[in-house]
Novice: 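Dropping a structure here in structure tokens format, bear with me for questions.
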Amino acid sequence: MTAVERLLTTAYVDDRAPDEHVSVRARHEAVLTDGRRLLLLDDRGWGSTQRWSAASAEDVEETARVVVGPDEPPEGRTWEQEQTGHWAHLARILEEHGVAVDARDLRRLPHDVVLTERLLALLGGEPASS
């Protein structure tokens, strides 16, 4: 039976923003033991007025982990409720693809962040170690 071995977020340049300012998109996937990747989220990202030359790979990696969730809880919900809902949502996506995983186990998996070559070139550096 195929299982999820880790989570992977790929950060790449968002071409919809001005070139001189940081604008990043994030693609969040589950990496399976058979080598396949299943898309979990492709609607996340961020931008700032910071110039690429002032940003670091470490900052981008840290922010990428945050933007793929869980989100801050809205008024009336607790942090724990938001986390529980987030991980349950991701587990349901995987179940739709035939991969059974408990949301609590999913939450504990390693989470790698990879920066694309183009993003690294704009930052002028190498990715930080995970």
Novice: Using side-chain heavy atoms (C-beta onward) and a distance below 4.5 Å, is Val60 in contact with Trp46?
Specialist: yes
Novice: Does the pair Asp112 and Arg65 meet the rule for a salt bridge (charged side-chain N to carboxylate O under 4.0 Å, His left out), with working shown?
Specialist: CA-CA 9 Å; Asp112 299 324; Arg65 289 178 201 281; 5.8 Å; no
Novice: Would Leu38 end up clustered with Ile93 when hydrophobic side chains under 4.5 Å apart are linked, directly or stepwise?
Specialist: yes
Novice: Could you please spell out the steps behind the side chain to side chain contact (heavy atoms under 4.5 Å, CB included) verdict for Val114 and Glu61?
Specialist: CA-CA 8 Å; Val114 173; Glu61 287 184 18; over 6 Å; no
Novice: Mind checking the CG-OG1 spacing from Asp42 to Thr10? Nearest 0.5 Å is all I need.
Specialist: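 The CG atom of Asp42 sits 10.0 Å away from the OG1 atom of Thr10.
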Novice: Whether Asp15 and Arg118 form a salt bridge (side-chain N of Lys/Arg under 4.0 Å from carboxylate O of Asp/Glu) is what I want to check.
Specialist: yes
Novice: May I have the step-by-step check of side chain to side chain contact (heavy atoms under 4.5 Å, CB included) for Leu90 and Leu94, ending in yes or no?
Specialist: CA-CA 6 Å; Leu90 297 182; Leu94 289 165; 5.5 Å; no
Novice: Determine whether Leu40 and Tyr12 fall in the same hydrophobic cluster, where Ile, Leu, Val, Met, Phe, Trp and Tyr are linked whenever their side-chain heavy atoms lie under 4.5 Å apart.
Specialist: no
Novice: Before giving the answer on side chain to side chain contact (heavy atoms under 4.5 Å, CB included), spell out for Arg6 and His111 the whole-Å C-alpha distance, their side-chain angles and the decisive distance to 0.1 Å.
Specialist: CA-CA 6 Å; Arg6 65 189 171 96; His111 180 184; over 6 Å; no
Novice: Please walk me through it: do Val24 and Val13 pass side chain to side chain contact (heavy atoms under 4.5 Å, CB included)?
Specialist: CA-CA 5 Å; Val24 179; Val13 178; over 6 Å; no
Novice: Can you tell me how far the OG atom of Ser56 sits from the CD atom of Glu62, to the nearest 0.5 Å?
Specialist: 8.5 Å
Novice: Can you list every pair that meets side-chain hydrogen bond (donor to acceptor under 3.5 Å, both in side chains) and has a residue in residues 24-34, with sequence neighbours left out?
Specialist: Thr2-Asp34, Thr9-His28, Arg27-Glu29, Asp34-Arg36
Novice: Is it true that a side-chain atom of Trp52 and a backbone atom of His21 form a donor plus acceptor pair closer than 3.5 Å?
Specialist: yes
Novice: Provide the full list of side-chain hydrogen bond (donor to acceptor under 3.5 Å, both in side chains) pairs with a residue in residues 88-97, sequence neighbours left out, each pair given once.
Specialist: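 Passing the test, one end in residues 88-97: no pairs.
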Novice: Is there a side-chain contact between Leu106 and Leu7, using heavy atoms and a 4.5 Å cut-off?
Specialist: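 Answer yes - side chains close enough.
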Novice: Counting only pairs under 3.5 Å, give me each side-chain donor-acceptor contact of residues 72-81, with atom names and distances, residues two or more places apart or in other chains.
Specialist:
| from | atom 1 | to | atom 2 | distance (Å) |
| --- | --- | --- | --- | --- |
| Arg77 | NE | Glu82 | OE1 | 3.1 |
| Arg77 | NH2 | Gln81 | O | 2.8 |
| Thr78 | OG1 | Gln81 | N | 3.0 |
| Thr78 | OG1 | Gln81 | OE1 | 3.4 |
| Glu80 | OE2 | Thr84 | OG1 | 3.3 |
| Glu80 | OE2 | Arg107 | NH1 | 3.4 |
| Gln81 | OE1 | Thr78 | N | 2.7 |

Novice: Rounded at 0.5 Å granularity, tell me how far CG in Leu8 sits from CG in Leu109.
Specialist: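 Rounded to the nearest 0.5 Å, the CG-CG separation comes out at 12.0 Å.
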Novice: From the options Val22, Asp59, Leu115, select the one residue that forms a side chain to side chain contact (heavy atoms under 4.5 Å, CB included) with Leu123.
Specialist: Leu115
